[in-house]
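The structure appears below as structure tokens.
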Amino acid sequence: MQHASSAPRHTVTPERQAAGQRLVTRLAGMVRGAMYTDPLMTYAWSGDASSYRLIPAAVVFINSEDEVRAVLTAARAENLPITFRAAGTSLSGQAVTDGVLAVLGDGWRKLEIHPGADQITLGPAIIVAQANSALKPFNRKIGPDPASQATCKIGGVVNNNSSGMCCGVAQNTYHTMARLRIVLADGTMLDSGDAKSCAAFRQSHAPMLAALHDLHHHVMADAELVALIRKKYRIKNTVGYSLNALVDYHDPLDILIHLMVGSEGTLGFVSEVTYNTVPEHPFRATALVPFPDPQSAGRAIIEMANGGVQVTTGVTAAEYIERRALATVEHLPPMAPLRPWLTDNSPAVLIDVTAPDAATLAAETAKAEALLARHGATHIDFSTDPDRSHALWDIRKGFFASGGAARPKGTSMLTEDVAAPIERLAEFVIDMRALLDAHGYEDAIIFGHALAGNLHFQMSDDFSQPDAAEKFDAFSRALSDLVSIQYGGSLKAEHGTGRAIAAFVEAEWGSKAYGLMRQIKALFDPENLLNPGVLLNADDKIHIKHLKVMPLADDLVDLCIECGFCEPACPSQHMTLSPRQRIAVTRERARLRETGEDNARLERLDADFQYPGLDTCAACNLCSLRCPVGIETGTMILSQRAERRGSTARSVAGFVADHRGAVESMMRAGVALADAARTIIPASAVEAITETARRVTGKRVPRVSRALRHGPGAPKARSTRQDARATGFPVPIAQSGRPSVVYFPSCATRMFGAPKSAHDLLAVPDAMLALLERAGFDVIVPDNLNGQCCGQPFQSKGFPEQAAEVGGALKRNLSALSDAGRLSVVTDASTCAKHLRDFPGDAPVQDSAQFLLAQVLPRLTITRQLPVVAVHHNCSAQRLSEQPMTEAIARACAREIAVLSAVTCCGYAGDKGLFVPELNAHATRFAKTNIPADCTLGVSTVSTCASGLSEHAGVPFVGLASLLEWASRPL
């Protein structure tokens, strides 16, 4: 029985639902993005990374300031509150609502580096890592560096005043922001960097500015209040509004702009920000340093903190990791060197020393080593190896999810981040541990940005159980007393106030400061339209209401904490569902099946899940590469597809498996027919005909785009004395002096060819054979290739038995040809190579990128190069870690390469580009942004991916082998 005080709403109230539907009707024709009010999609958007869940009445994608104004007007008319949402990595419940959830669409992706890279202007939908990647060539970065920077977006960073591991206080948004562009609740736009905008605002909003002016003078006349505000912001602090704006600035316009920072969407909408960038020194040494006990680690950090003064040279980061946190990751390979030095009570500190040059780095590292030795560090081993540094920092950045994955299945993860004055860090660590243990959270782990006195801790609880909410309430009140009162610290150092701490803002700040915050909210948002209840809330139990429950649903995903780290890798994100959302909906369906409380709703969710949940999942599992615990949502979806396959579908799959040669011939013939038709009638007419056929047949007819060409079919077997089939002997009878290799042309490269280009390229199978022979190999090609397949097409459609049958047969054939593994087996599709490795057999299957780089390229002479070539790393290549191999071959063939960072999985996903082409179009919608003007060709290691990219990237994409054959072709 779920406890009433913690119960989240699983449905929208009828009144809210009706209001949401009316709002969507009002916005028809005014908002170009998607809008949802149905049970499935509103539930999918009901959670962020926090422990709270609220079902929105409507979800609206917004893409411009005009659309923001339209949503504000419609929400006001329907008396619905609005919450703006960027990436939804919020940890305090500030990105969920039972009103209107306004989600940032593609229209907010502005990224402009100013001359000299001293400033950068960003839209709120830019991911932090994207901004820093663009600044990296200039040895600059933005100041905020949250651990979620590969996922979180600028809009959330500004609205939460997020910081991070190296940011400290001095480099957060509040201190490094040069300009802000905002839309207020009344629809007014203000650009603080535009003189005309500021002048117009001073006239139109003179009363508001006058009120801010009066607040400033009221505060400055109260010495005690000024001292409190200055003290609170010497350490990290995101509790309540940024009251430091009232003492740091005199001009009410400056006060207004800085109050927006950290306001969590309760005062207005941030549409653009310009940052003053900070140095990102290229020289760095990293060490994970163990200590005998928390006290000695704390004392070392206090000295390294330099009195709280932020530095850019020397020790720029020191992450405290307690022993219980280390236990959740000590099995990982990067931790191996540290394991011998860990005792039952050993914390460790992850330290970065940075410098502008090697000599300075050596000197600063020596100083750090001496300091650490003085305080009893048991093992000091700084390394300048970037791979080791990245591996250690990936572990630290993943603690939120990996620590959450260590919790018992079925429980919710809880997280808080607190800060205390740095000079009291050593005792603060001890007291925090004691508090957690005393309240029954012995499973909690502690880690944090120690140079700023900032500690994070995570624990778990099952909020479907009686008294769990009361236990959390008692802990929260004790935490408030310890941090805010006893230590004079911050209950929220960098995660934002949200619902989690709203009930404790007044306890931390006192009644006078809290009164100021209420005046600020009333001044900006008198109707309480914007994210009400977040940041300020009169309900002293708000932190234990609408808490998530995490019912068991599938062993594959039960460890998921819904952090959202996976989402940027997903090709269907913002088109239908993301991995996080597929898991959340699967959990809700499982809960409804278990409780039986609403069968009609369960039936609706099950039916509606088909297209957004199953049909548009690429099952690429790139989500697992972003997930710190490797959850493969795609594998869960494949299982659900299999469960939905009826006996008729399985019979058809069995028939296709038994007659796959005929199916392959028919597919190739169909594409060839479309090619021939284009020579007679325009390509657009051919596509229109196939689209009509798709509509008439319920999308059962594949779409054939102009970029998809028929393939060369199966190449003829090569004659070689190493092949027992040609000699009749069970072993080779003659040694030619040439090495032999087994080459399996994948069914995709046999069926589908490359688009036309200006470079006279060979088809992939022909190019592979030419390259292998040019490099001095005898090539063994399997007989009767037509229909031979790795089984992946059956697996992706939910027919695992047929996949095992077909793929297993091929693997046995290849193993025999490889002479029980003596010869290498190479295939020309990353997808095929990855899938074949899952079947038993002796054949050591290699993908073309791996084999060409190691065995072929060194034996070739490059005779010509392209000026630049675009490179796409398809999903299987990424999961095989082939990116460096593909790029090395591309660099041999071109003077420059342009990697498609804007495309993860291209969404073609086997044949989804034929049957669900909208997924491919959505996944590649930004591909052109990565294509330089002088680029005329791109490469991929899967022919179907190349086809989808060719259609949407603006240049033809071809196989890697085709490009290398051209570049090494004798002139």
Side-chain angles (χ1 to χ4, degrees), residues 147-148 150 165 285-298 300-301 317-352 368-369 372-373 375-383 385-409 411 413-415 417 425 429-430 432-434 436-437 441-450 454-460 558-561 563 565 624-632 881:
S148 60
M165 282 155 288
T286 303
L288 184 56
V289 181
F291 284 84
D293 51 65
Q295 294 91 334
S296 56
I301 292 165
E319 294 289 303
Y320 177 83
I321 308 171
E322 74 158 358
R323 183 63 183 94
R324 293 189 212 186
L326 291 170
T328 68
V329 296
E330 64 181 277
H331 62 284
L332 298 175
M335 293 291 295
L338 197 71
R339 283 196 287 266
W341 306 94
L342 296 178
T343 67
D344 291 343
N345 196 37
S346 298
V349 183
L350 180 58
I351 300 169
D352 260 0
E369 289 173 339
L372 294 167
H375 290 281
T378 55
H379 180 63
I380 305 170
D381 182 21
F382 279 93
S383 171
D385 178 6
D387 290 338
R388 173 156 177 76
S389 176
H390 290 154
L392 290 172
W393 278 103
D394 283 346
I395 289 174
R396 165 57 192 92
K397 292 173 184 177
F399 263 124
F400 172 61
S402 60
R407 78 195 193 284
K409 290 183 177 181
T411 62
M413 194 206 73
L414 303 167
T415 182
D417 80 298
L425 178 66
V429 168
I430 303 300
M432 276 301 313
R433 179 75 264 168
L436 289 162
D437 291 348
Y441 294 112
E442 294 91 348
D443 68 329
I445 61 173
I446 299 175
F447 54 92
H449 318 315
N454 179 193
L455 296 179
H456 301 300
F457 55 90
Q458 292 173 201
M459 64 270 201
S460 64
D558 283 339
L559 288 177
C560 174
I561 57 172
C563 64
F565 284 12
S624 68
L625 300 185
R626 299 291 187 104
C627 174
V629 292
I631 292 170
E632 295 187 346
S881 300

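One is the number of the first residue; the rest follow in order along the sequence.
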Side chain to side chain contact (heavy atoms under 4.5 Å, CB included) partners for E632, two or more places apart |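 With neighbours one apart ignored, the set is N621, S624, T635, R879.
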With sequence neighbours left out, what residues match A285 under side chain to side chain contact (heavy atoms under 4.5 Å, CB included)?
->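 So A285 forms a side chain to side chain contact (heavy atoms under 4.5 Å, CB included) with L361, T365, F382, T384.
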Answer whether the closest heavy-atom distance between the side chains of [X] and [Y] falls below 4.5 Å.
X	Y	answer
T286	R388	no
P337	D381	no
P292	T343	no
P294	N345	yes
I446	R433	yes
E319	W393	yes
I321	L288	yes
R407	M459	no

Output, in order, the C-alpha distance, side-chain angles, deciding distance and verdict of side chain to side chain contact (heavy atoms under 4.5 Å, CB included) for E322 and V429.
-> CA-CA 9 Å; E322 74 158 358; V429 168; 5.9 Å; no
Could you report the tightest heavy-atom contact between [X] and [Y], atom names first, then the distance?
X	Y	value
A325	T328	O-OG1, 2.7 Å
I631	L559	CD1-C, 3.9 Å
M413	I561	SD-CD1, 3.8 Å
F447	Q458	CZ-OE1, 3.2 Å

Under the salt bridge (charged side-chain N to carboxylate O under 4.0 Å, His left out) rule, what pairs show up with a residue in residues 325-352, not counting sequence neighbours?
->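 For residues 325-352, and leaving out neighbouring residues, the salt bridge (charged side-chain N to carboxylate O under 4.0 Å, His left out) pairs sorted by first residue read R284-D352, R323-E330.
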Hey, what do you get for CD1 (I380) to CG (L372), rounding to the nearest 0.5 Å?
->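 It comes to 5.0 Å.
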Mark yes or no for whether S296, through its side chain, and F291, through its backbone, hold a donor-acceptor pair below 3.5 Å.
->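 The answer is no, because no donor-acceptor pair under 3.5 Å joins these two groups.
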Could you tell me how the ring of H379 sits relative to the ring of W341: parallel (under 30°), tilted (30 to 60°) or perpendicular (over 60°)?
->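 The arrangement is parallel - the two ring planes meet at less than 30°.
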